[in-house]
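Excluded from the calculations below are hydrogen atoms, water molecules and symmetry mates; all remaining heavy atoms, backbone and side chain alike, are included. Computed from a predicted model, the values in this text were never measured in an experiment. Whatever order the structure lists ligands and atoms in, that order sets their numbers, starting from 1. The residues of the chain are indexed from 1 along the displayed sequence.
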Amino acid sequence: MNLTDRFLKQRMKMVDTQIRARGIADQRVIKAMEKIPRHLFVDEGLIDQAYYDSPLPIDRQQTISQPYIVALMSEAMELTGKEKVLEIGTGSGYQTAILAELAERVFSIERIAVLATLARRMLDALNYYNVAIRVGDGTYGWREEAPFAAIMVTAGAPLIPRILIEQLAVGGRLVIPVGGRHSQILMKLTRLSADPDDLKKEDLGGCRFVDLIGEHGWEN
Ligand code: SAH
């Protein structure tokens, strides 16, 4: 059975109406979203909603992000294909697959082991061998692999963890939702020099993510 084909039309329509129509212009992001079978990353019972304009629940009270938010955050990473990037909050692995298309190497951290295992399985099935997944508290970053050209956090943080800025290369981008437990502002920070306080800060708009839980996030 070729599930990919069954959903191809829905996926192309999703990209047209939710992604292109809302101003996402990075052609590499658009191509990645046209290619990756989002329906394989959602619960089987929700497969017919996989291309809806909304987030969906995944296991363990977490969510797979809305397609538009995935595109917006991916575009903000400004990737050309040569970068080493870090993702915090693997979740379903859908955003991870998008990053695997856009960057050279992806390091992804998930605190819930069962989610990491399921994501790993799907990424293997789709031949994404340029992804390393680790189970743990991503608010510490991944020091052994730093510096990163870009870091994406896909859970809502109370504050920007300084340790993540320290793991950015000069010129690197950090894309992170910051704010309260119920709503956040999607922030893009660009590290301008060796001084981690020398940052360009941009507000990409309001959003709503599940909690970033950990040492430099919310308490469990
Ligand atoms: N990009 C994912 C988002 C999943 S929801 C997707 O679209 O499927 C956010 C994820 O972040 C959850 O799986 C949650 O368990 C994880 N998370 C929360 N705090 C974390 C932390 N400190 N380190 C790593 N992962 C974390």
Nearest to [atom], what protein heavy atom do you find, and at what distance?
atom                    : value
atom 7 (O) of ligand 1  : S65 N, 3.1 Å
atom 6 (C) of ligand 1  : S92 OG, 3.6 Å
atom 23 (N) of ligand 1 : G138 N, 2.8 Å
atom 11 (O) of ligand 1 : G89 CA, 3.2 Å
atom 4 (C) of ligand 1  : T63 O, 2.9 Å
atom 14 (C) of ligand 1 : Q62 OE1, 3.3 Å
atom 17 (N) of ligand 1 : R111 CG, 3.8 Å

If the cut-off is 4.0 Å to any non-hydrogen atom of [X], which atoms of ligand 1 fall inside it?
X    : value
I109 : 24 (C), 25 (N)
D211 : 18 (C), 19 (N)
G91  : 4 (C), 8 (O), 13 (O)
L115 : 13 (O)
Q95  : 1 (N)
I112 : 15 (O)
V210 : 5 (S), 9 (C)
I64  : 6 (C), 7 (O), 8 (O)

Nearest-0.5 Å distance that lies between atom [atom1] in [X] and atom [atom2] in [Y]:
X    : Y    : atom1 : atom2 : value
M187 : E202 : CE    : CD    : 8.5 Å
I19  : M14  : CD1   : CE    : 5.5 Å
M77  : I98  : CE    : CD1   : 12.0 Å

Where on [X] is there a heavy atom closer than 4.0 Å to ligand 1, on the side chain, on the backbone, on both, or on neither?
X    : result
E110 : both
L212 : both
T154 : both

Between the side chains of [Y] and [X], is the shortest nitrogen-to-carboxylate-oxygen separation below 4.0 Å, so that they form an ion pair?
X    : Y    : answer
R162 : D197 : yes
R191 : E166 : no
R20  : E34  : yes
R6   : D48  : yes
E110 : R120 : no
D53  : R22  : yes
K84  : E104 : no

Could an N or O of ligand 1 be found under 3.5 Å from any N or O of I213, whether backbone or side chain?
yes
Polar-atom distance check: D137 versus ligand 1, any N or O pair below 3.5 Å?
yes
Please work out which of the three classes, parallel, tilted or perpendicular, describes the rings of W142 and F107, given edges at 30° and 60°.
perpendicular
Taking the six-membered ring for Trp, are H216 and Y140 parallel (under 30°), tilted (30 to 60°) or perpendicular (over 60°)?
perpendicular
Which of these, E144, E87, E145, sits in a salt bridge (charged side-chain N to carboxylate O under 4.0 Å, His left out) with R134?
E144
For [X], is the nearest heavy atom under 4.0 Å from an atom of ligand 1?
X    : value
T96  : no
V70  : no
G136 : yes

Please give me the minimum heavy-atom distance between V210 and Q62, naming the atom from each residue.
CG2-OE1, 3.2 Å
